[in-house]
Asks: 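Dropping a structure here in structure tokens format, bear with me for questions.
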Amino acid sequence: MGPSPPSRLFLGLTLFFTLTHATVTVYTPTQVVFTTAPAVSGTPAAYTGVAAYNPGTLSPPPLPSPTVLTNPIPINLLNSGTPGLGVKQKGSFLGFSIEMSVTNQVLGKNSTLLQVPFLNLMANIVQRAGSVMVRVGGNSQESAHLVAMGEILNGRVLSKNLTGVTGTTQTPPLDFTPDLLYMMRNISELVNVHWFLGIPWFTTTPFDLAIVPAATSILGPYLLGLQAGNEPDMYNLHGHRPATYGPYDYGGEINDFLTQLDANNSDPTGLGKSILVAPNIADFAWTPEQVWDTNLVDTYNANLAWLAVEKYPRDNCAAAFGGPGANVTDPQSVLPLYLTHDAHTELLAPYLNSTMYAQSKGKPFLMFETNTASCGGFLGISDSFTAALWGLDYALQMAHSNFSGAMFHLGGQNVFYNPFTSPPTNESTFHQWSVGSLYYSALVMAEAIGPSNTTQVLNYGVENLSSFTPIYGIYENGTPVRVAIMNYLDDPTGASDVTAVIAISGGTIPSSVQVKYLAASSVTQVGNYTWAGQTFGGFFESDGRPMGTENITTVNCDTTAQTCTIVVPAPGFALVFLNNQAQSVATAGGPVQTYATTAKTKVHNTATVDPSVLATSNGNKASDHDLAGTSKPPSAAPRAAEASFIAAGVVVATVVAVLARAF
Ligand SMILES: *[C@@H]1O[C@H](CO)[C@@H](O)[C@H](O)[C@H]1NC(C)=O
Ligand SMILES: *[C@@H]1O[C@H](CO)[C@@H](O)[C@H](O)[C@H]1NC(C)=O
Ligand SMILES: *[C@@H]1O[C@H](CO)[C@@H](O)[C@H](O)[C@H]1NC(C)=O
Ligand SMILES: *[C@@H]1O[C@H](CO)[C@@H](O)[C@H](O)[C@H]1NC(C)=O
Ligand SMILES: *[C@@H]1O[C@H](CO)[C@@H](O)[C@H](O)[C@H]1NC(C)=O
Ligand SMILES: *[C@@H]1O[C@H](CO)[C@@H](O)[C@H](O)[C@H]1NC(C)=O
Ligand SMILES: *[C@@H]1O[C@H](CO)[C@@H](O)[C@H](O)[C@H]1NC(C)=O
Ligand SMILES: *[C@@H]1O[C@H](CO)[C@@H](O)[C@H](O)[C@H]1NC(C)=O
Ligand SMILES: *[C@@H]1O[C@H](CO)[C@@H](O)[C@H](O)[C@H]1NC(C)=O
Ligand SMILES: *[C@@H]1O[C@H](CO)[C@@H](O)[C@H](O)[C@H]1NC(C)=O
Ligand SMILES: *[C@@H]1O[C@H](CO)[C@@H](O)[C@H](O)[C@H]1NC(C)=O
Ligand SMILES: *[C@@H]1O[C@H](CO)[C@@H](O)[C@H](O)[C@H]1NC(C)=O
């Protein structure tokens with residue numbers, strides 16, 4: 001990060017809200033304020049920079065020999081009474097973990113300049129799931145210091161102190177203002193984002209408590225949890241605690257924290273001390289059981305709202321920080337480890353005891369921070385279709401394993417694994433965002449689970465099934481409603497396509513089912529994947545809205561044999577909607593919301609704002625206008641743009657909207 005603040009296009013609107021039955025309806029903007037985007041001459045130079053946009057690819061691994069079962073794979077469902085179903089899941093199962101130090105690149109510049117692509121990306125998930133979980137934290141939370149509003153210059157919300165930066169992840173100490181929290185709150189007022197934040201835990205005598213009263217009062221109902229330390233079992237390794245530091249000491253620190261909170265009257269509402277997340281260990285020096293055995297969960301039963309761990313399957317730290325002589329992992333050599341279901345069963349096996357324990361204590365269990373590999377991920381894996389399949393299988397297997405949620409981490413420009421990345425500062429006027437592989441995983445997962453809050457996920461053990469074709473049943477109120485079928489094999493000949501034959505014992509097979517595919521030509525393709533025919537493009541091509549025409553495939557079933565046969569390409573993923581609710585599940589979480597601003601807008605220097613952007617529908621999609629300006633939405637971008645505001649008592653509200661360029 002350089003010393004100059006990012007410059008980027010931001011959108012806002014000045015709108016009038018009119019009160020209708022405690023739901024505010026926006027009819028038309030009265031004013032659109034924007035500063036002119038700069039003229040961009042010529043074509044931007046080809047990008048030859050940081051990891052986040054490295055176009056390098058790997059070669060798909062060879063097919064397994066001997067061949068594995070692909071045709072036919074029998075999927076025999078029970079219409080009721082399926083044994084082994086685990087905890088009920090929310091559509092928001094898969095969320096995002098944003099390194100605190102990059103929030104000013106991802107969320108917005110400040111509370112009045114929000115990143116429109118971020119709003120759109122979150123709105124896509126909310127539309128399917130009802131809400132989305134975002135954690136702001138990571139290593140940079142541990143020494144984050146809240147300073148007064150205005151103490152950081154130029155309207156910025158955070159500033160890094162690069163003096164004396166050390167350590168593996170080279171995370172600089174952070175200063176942030178309350179406006180970071182106002183920015184988060186403003187986002188939540190537009191799109192139903194719910195947040196986790198971290199308590200700085202490096203120093204305990206005394207704790208820096210300032211984030212507690214600030215976060216609880218500003219975020220209020222949108223604050224899901226406060227993380228009590230990030231990976232405390234690595235504190236000793238990084239020199240933040242003595243070698244003797246163990247799980248009992250960590251529990252003692254929670255006690256100190258709560259004592260100081262009371263002594264300083266830092267949690268006047270009591271919210272902060274009732275939503276702690278612990279122990280957030282990396283399974284590095286301590287096992288979860290060692291923590292449970294300290295009786296932490298019973299001792300702090302009233303304080304702990306979530307139990308959580310953090311785990312990456314491996315690291316790429318040698319490449320990122322290793323220096324000369326480091327044993328850098330060759331991505332090609334580990335690619336096959338990401339193209340097998342075994343990756344997930346092996347990673348999650350050590351946690352199954354803990355997810356049973358968490359259920360016995362009535363606490364949800366989260367994978368608080370994860371991704372393909374720590375220290376930024378791997379070229380050609382973290383940024384390819386491999387990661388999209390891996391992330392989806394991982395999420396489904398976590399749901400099966402009684403986790404209640406997981407968050408994919410994103411960092412800055414120097415990593416391969418971001419679910420989404422804003423363009424570099426100097427390119428933000430002509431480039432859009434880059435949507436990464438794991439965003440597709442999250443979008444599909446939101447749809448696989450849906451917004452009912454009653455969904456259960458079961459990984460099937462089909463006889464002779466290989467680890468290349470995992471299959472899941474998805475249940476609502478105990479009845480199978482969807483089937484998820486993955487094919488990790490890469491075979492353009494079609495010979496390795498999966499042919500799955502679904503039957504429902506005790507039920508009647510419908511005459512047809514709907515199928516949505518997650519597709520790419522190869523596991524090593526970078527960008528441009530499609531979900532039901534729609535894509536977010538390649539690098540720098542997305543404003544956060546899906547592009548292209550939605551393609552839901554209807555498959556006729558054999559009503560005589562009582563089977564539905566589904567073909568899943570190698571590679572690919574299919575979500576089969578047994579009740580033909582593909583359309584409604586995709587929008588059941590809330591109204592379609594989009595926030596328009598396009599590359600065309602920027603390139604042609606004709607900043608345009610959709611007047612319907614913040615229109616609300618009272619749930620019946622009353623507003624459905626075309627874009628008002630000269631810029632076009634992506635061909636299939638929803639034209640309806642709706643947002644619901646609950647603003648009881650408010651008669652007229654104003655949202656100031658600025659389409660600004662540099663700051
Ligand atoms: C933006 O900055 C990066 C890093 O300094 C550089 O590689 C890239 O070429 C710059 N882009 C433009 C369009 O100047
Ligand atoms: C998930 O929890 C249920 C009990 O709620 C249990 O029956 C099931 O075996 C658990 N699943 C796994 C994979 O541990
Ligand atoms: C966002 O937060 C600020 C506080 O800085 C507030 O004044 C403003 O009305 C909020 N809403 C928007 C849309 O900017
Ligand atoms: C956000 O940044 C803009 C541009 O620098 C500035 O005009 C505005 O006052 C800032 N807003 C806040 C709440 O600081
Ligand atoms: C930046 O960090 C250094 C080293 O930790 C410290 O001495 C200095 O006071 C910090 N500066 C600010 C402005 O916080
Ligand atoms: C909070 O209270 C403790 C005493 O329990 C005190 O030592 C500490 O300095 C206080 N912290 C703040 C931030 O005021
Ligand atoms: C499961 O966790 C409990 C609680 O920590 C522990 O007592 C038990 O030994 C663990 N079981 C296994 C098989 O690890
Ligand atoms: C790299 O691997 C070699 C051979 O296994 C080993 O001897 C060497 O210590 C390793 N280097 C580092 C920096 O870990
Ligand atoms: C699901 O749970 C959330 C709270 O976590 C709640 O807001 C929502 O209304 C619930 N949805 C349904 C369909 O019950
Ligand atoms: C599983 O494999 C065995 C040995 O090849 C074979 O006899 C059996 O029919 C297979 N079962 C299915 C369901 O394909
Ligand atoms: C994605 O597809 C578009 C349009 O077909 C193409 O221009 C772009 O180069 C592709 N991007 C990648 C990374 O393949
Ligand atoms: C829709 O998807 C199906 C299955 O992938 C494919 O066969 C068909 O060609 C697609 N239709 C369009 C119009 O893209």
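Ligands are counted one by one from 1 in listed order, and the atoms in each one are counted from 1 as well. In this chain, numbering begins with 1 at the start of the sequence shown.
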Asks: Grab the two heavy atoms, one from A228 and one from Y250, that are nearest each other, plus how far apart they are.
Replies: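 Between these two residues, the closest heavy atoms are O-OH, 2.7 Å.
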
Asks: Are the side chains of N139 and H238 in touch, meaning some heavy atoms are under 4.5 Å apart?
Replies: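 Answer no - side chains too far apart.
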
Asks: Compare V297, N353, V291, L352 and give the one whose heavy atom is closest to atom 1 (C) of ligand 7.
Replies: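 The residue whose heavy atom sits nearest atom 1 (C) of ligand 7 is N353.
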
Asks: Centroid separation under 6.0 Å, is that true for the rings of W306 and F368?
Replies: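 Judged by ring-centre distance (under 6.0 Å), F368 and W306 do not meet the cut-off.
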
Asks: I need the atoms of ligand 4 closer than 4.0 Å to a non-hydrogen atom of N154, numbered in the order shown.
Replies: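 In order of numbering, the contacting atoms are 5 (O).
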
Asks: Quick check: closest heavy atoms across L396 and V457, and the distance to 0.1 Å?
Replies: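 The pair with the smallest heavy-atom distance is O-CG1, 3.6 Å.
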
Asks: Evaluate S111 for polar contact with ligand 4, using N/O atom pairs at a separation under 3.5 Å.
Replies: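 No, S111 has no N/O under 3.5 Å of an N/O on ligand 4.
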
Asks: Just to confirm my output: which protein heavy-atom neighbour is closest to atom 3 (C) of ligand 8, and how far is it?
Replies: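 For atom 3 (C) of ligand 8, the nearest protein heavy atom is N327 ND2, 3.7 Å.
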
Asks: Walk me through it: do N402 and F365 pass the test side chain to side chain contact (heavy atoms under 4.5 Å, CB included)?
Replies: CA-CA 8 Å; N402 296 316; F365 194 87; over 6 Å; no

Asks: Considering only protein heavy atoms, determine whether one is less than 4.0 Å from atom 11 (N) of ligand 7.
Replies: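 True for atom 11 (N) of ligand 7.
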
Asks: Which protein heavy atom lies closest to atom 13 (C) of ligand 8, and at what distance to 0.1 Å?
Replies: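 Nearest protein contact, heavy atoms only, for atom 13 (C) of ligand 8 is G325 O, 3.6 Å.
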
Asks: Heavy-atom distances under 4.0 Å are what count here, so tell me which part of R156 touches ligand 4: side chain, backbone, both or neither.
Replies: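 For R156, no heavy atom sits under 4.0 Å from ligand 4.
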
Asks: Could you tell me whether D179 approaches ligand 4 through its side chain, its backbone, both or neither, with non-hydrogen atoms closer than 4.0 Å?
Replies: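 The answer is the side chain.
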
Asks: Any idea which heavy atoms bring Q432 and S542 closest together, and the distance?
Replies: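 The answer is CB-O, 3.2 Å.
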
Asks: State, with a plain yes or no, whether a side-chain heavy atom of E289 is found less than 4.5 Å away from one of N353.
Replies: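 A side-chain contact exists here, since the closest heavy-atom pair is under 4.5 Å.
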
Asks: Any protein heavy atom lying closer than 4.0 Å to atom 5 (O) of ligand 8?
Replies: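 Under 4.0 Å from atom 5 (O) of ligand 8, zero protein heavy atoms found.
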
Asks: In ligand 7, which numbered atoms sit nearer than 4.0 Å to a non-hydrogen atom of W292?
Replies: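 In order of numbering, the contacting atoms are 5 (O).
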
Asks: For atom 7 (O) of ligand 7, grab the closest protein heavy atom and report residue, atom and distance to one decimal in Å.
Replies: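 Among all protein heavy atoms, the one nearest atom 7 (O) of ligand 7 is D293 OD1, 4.1 Å.
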
